[in-house]
Amino acid sequence: MTLHIAGAGMAGLCAAVRARELGRDAVVYEKGDRPGGSMLISSCVVWRYRDLDEFRNECPGGESDLQTQVIERLDEGVSWLRLLGAEVVWEETGNPRTVGVRFDPRSLTDVLVRAAGEVRLEETAPADAGPMLLATGGFQGDRELVREHIAPGGELLVRSNRWSRGDGLRLATAKGAALSRGMGEFYGRAMPAPPAAVPEERFVDLAQLYGRHALVLDDAGNEFTPDSVSWSEVDLVQSIARRPNASAWYLVDEEALEVEIRGRTVREMVEAARAVGGDVLLPNELGVEIPGAYRYAVHVVAGITHTIGGVRIDPQARVLDGDGRPIEGLYAAGADAGGISAGGYASGLASALVFGRIAAETAASS
Ligand SMILES: Cc1cc2nc3c(=O)[nH]c(=O)nc-3n(C[C@H](O)[C@H](O)[C@H](O)COP(=O)(O)OP(=O)(O)OC[C@H]3O[C@@H](n4cnc5c(N)ncnc54)[C@H](O)[C@@H]3O)c2cc1C
């Protein structure tokens with residue numbers, strides 16, 4: 001029977017290619033006018049923690065049997081992408097906690113689309129078409145679902161492809177699917193706040209990645225940095241989301257401006273925010289008492305890249321109902337499948353690759 005796949009991003013395309021390898025017909029439906037989803041506009045670093053203990057340590061709220069699959073099956077997934085011909089641009093992640101590679105996102109998308117077979121753009125999968133894989137990329141683009149589950153203090157900047165609006169989640173829950181852990185969590189970045197103009201091709205280089213080196217104040221001038229900000233700063237971005245207007249001021253001193261983070265200095269990140277019309281003020285222009293001497297105050301807003309909670313799946317990528325039983329013929333992968341990195345942050349591309357391939361294997365053997 002044909003596997004119907006909703007979403008031509010990382011998870012959906014990997015599933016289609018794997019299904020065809022296993023002799024199973026697959027059709028990919030893509031709501032947008034191009035394939036690739038957020039994968040195409042991402043930094044495209046596909047990575048995992050070194051071992052399960054480290055993964056558990058970093059993402060303690062996640063399901064350990066799903067995390068085990070990522071640890072055990074990512075490397076073969078990466079080798080498989082290489083064999084398909086995807087171009088690798090970095091052989092390592094540059095982060096001692098993790099192992100992985102960086103692909104060229106355009107090459108990866110093109111290679112997968114070529115091998116995926118039928119990809120129908122600007123179409124959604126027919127309801128009840130038969131076995132279906134939900135790979136629609138999460139619910140970050142749907143204000144109502146974001147309000148319900150994440151409860152931000154203002155409008156988040158949607159830092160993802162513009163079509164991921166919770167279609168997978170809605171379809172699955174209508175069929176009785178259970179929700180995963182971590183429904184209120186998301187992966188995101190602090191971005192220049194409005195009136196800054198932040199087009200999707202600048203999502204990577206406009207990220208303001210220096211919250212750990214800044215004094216962080218909310219719009220009312222209250223300091224609120226979490227006790228210890230994690231290396232990914234996801235915890236800080238989630239707390240910014242819950243402050244008034246979902247925004248904050250990052251105050252940086254001369255020393256912080258020279259710190260280099262992932263190949264760029266803080267000064268360069270601040271200047272990039274200013275250049276797109278972001279508010280970069282002198283601290284005394286904020287109108288609040290500031291403890292210490294700072295050079296600039298940069299206005300940032302929480303940007304949401306993808307949701308961490310979603311549909312609950314088992315290690316075979318089968319969607320589970322409220323009693324923990326698989327719903328026949330329904331699979332989920334990528335950001336639609338939740339609870340893998342709850343409590344922290346892990347590579348969304350890695351889980352999309354791993355569970356996309358697993359979903360195809362499970363469907364092929366059913
Ligand atoms: C700027 C940026 C940088 C990033 N950097 C990294 C990184 O370096 N490493 C990493 O691991 N992750 C990174 N990510 C996250 C990563 O891109 C996602 O985790 C990954 O793409 C998720 O895969 P997915 O298949 O679930 O979703 P996507 O790849 O986004 O694909 C989902 C697809 O579903 C489509 N769709 C939505 N609704 C429907 C529907 N009803 N029917 C049919 N199609 C539908 C969408 O249009 C989209 O094409 C980054 C993301 C962004 C935006």
Side-chain angles (χ1 to χ4, degrees), residues 4-16 27-48 70 74 78 89-90 93-95 98 100-103 105 108-109 112-113 119-127 129 132-142 157-172 186-189 191 198-207 209 232 234 262 303-308 310-311 332-338 340-341 345-357 359:
H4 298 269
I5 300 174
M10 183 65 158
L13 291 174
C14 289
V27 179
V28 186
Y29 301 87
E30 168 53 54
K31 189 173 161 185
D33 57 14
R34 60 152 180 87
S38 290
M39 165 179 60
L40 183 62
I41 53 173
S42 78
S43 307
C44 224
V45 185
V46 184
W47 58 271
R48 62 170 173 82
V70 175
L74 183 66
V78 168
V89 290
W90 293 352
T93 63
N95 179 343
T98 66
V101 299
R102 182 178 193 172
F103 288 99
L108 179 58
T109 303
L112 287 171
V113 169
V119 178
R120 300 188 187 170
L121 295 182
E122 298 183 277
E123 266 191 55
T124 52
M132 162 100 63
L133 168 63
L134 304 172
T136 71
F139 63 87
Q140 60 276 3
D142 185 274
L157 181 144
V158 181
R159 184 182 178 264
S160 95
N161 83 75
R162 52 192 182 282
W163 301 286
S164 291
R165 297 186 182 157
D167 294 353
L169 185 74
R170 286 206 177 84
L171 201 145
F186 68 91
Y187 161 58
R189 294 282 187 220
M191 303 298 291
V198 183
E200 71 172 23
E201 62 276 13
R202 304 281 318 265
F203 284 162
V204 172
D205 78 297
L206 286 174
L209 298 175
S232 67
V234 160
R262 288 179 223 177
I304 183 168
T305 303
H306 63 75
T307 39
I308 284 179
V311 172
D336 280 354
I340 298 161
S341 61
Y345 166 55
S347 166
L349 290 168
S351 50
L353 166 61
V354 166
F355 287 104
R357 293 181 78 228

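Numbering of ligands and ligand atoms starts at 1, following listing order.
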Checking contacts here: is it the side chain or the backbone of T305 that comes within 4.0 Å of ligand 1, counting heavy atoms only? Could be both or neither.
side chain
State whether the shortest distance between N or O atoms of [X] and N or O atoms of ligand 1 falls below 3.5 angstrom.
X    : result
E30  : yes
L349 : yes
V45  : yes

Not counting sequence neighbours, which residues clear ring pair (Phe, Tyr, Trp, His ring centres under 6.0 Å) with Y29? List them please.
H4
Got P35 and L121 here, is their nearest side-chain heavy-atom distance under 4.5 Å?
yes
Which of the numbered atoms in ligand 1 are under 4.0 angstrom from any heavy atom belonging to A335?
26 (O)
Please identify which atoms of ligand 1 are closer than 4.0 Å to at least one heavy atom of V204.
1 (C)
On a heavy-atom basis, I'd like to know which of [options] is closest to [atom].
atom                    : options                : value
atom 37 (C) of ligand 1 : F203, W163, F139, F103 : W163
atom 31 (O) of ligand 1 : S164, G9, G7, G188     : G9
atom 4 (C) of ligand 1  : S42, A332, G37         : S42

Under the side chain to side chain donor-acceptor pair (under 3.5 Å) test, residues paired with Q140 that sit two or more places apart:
S160
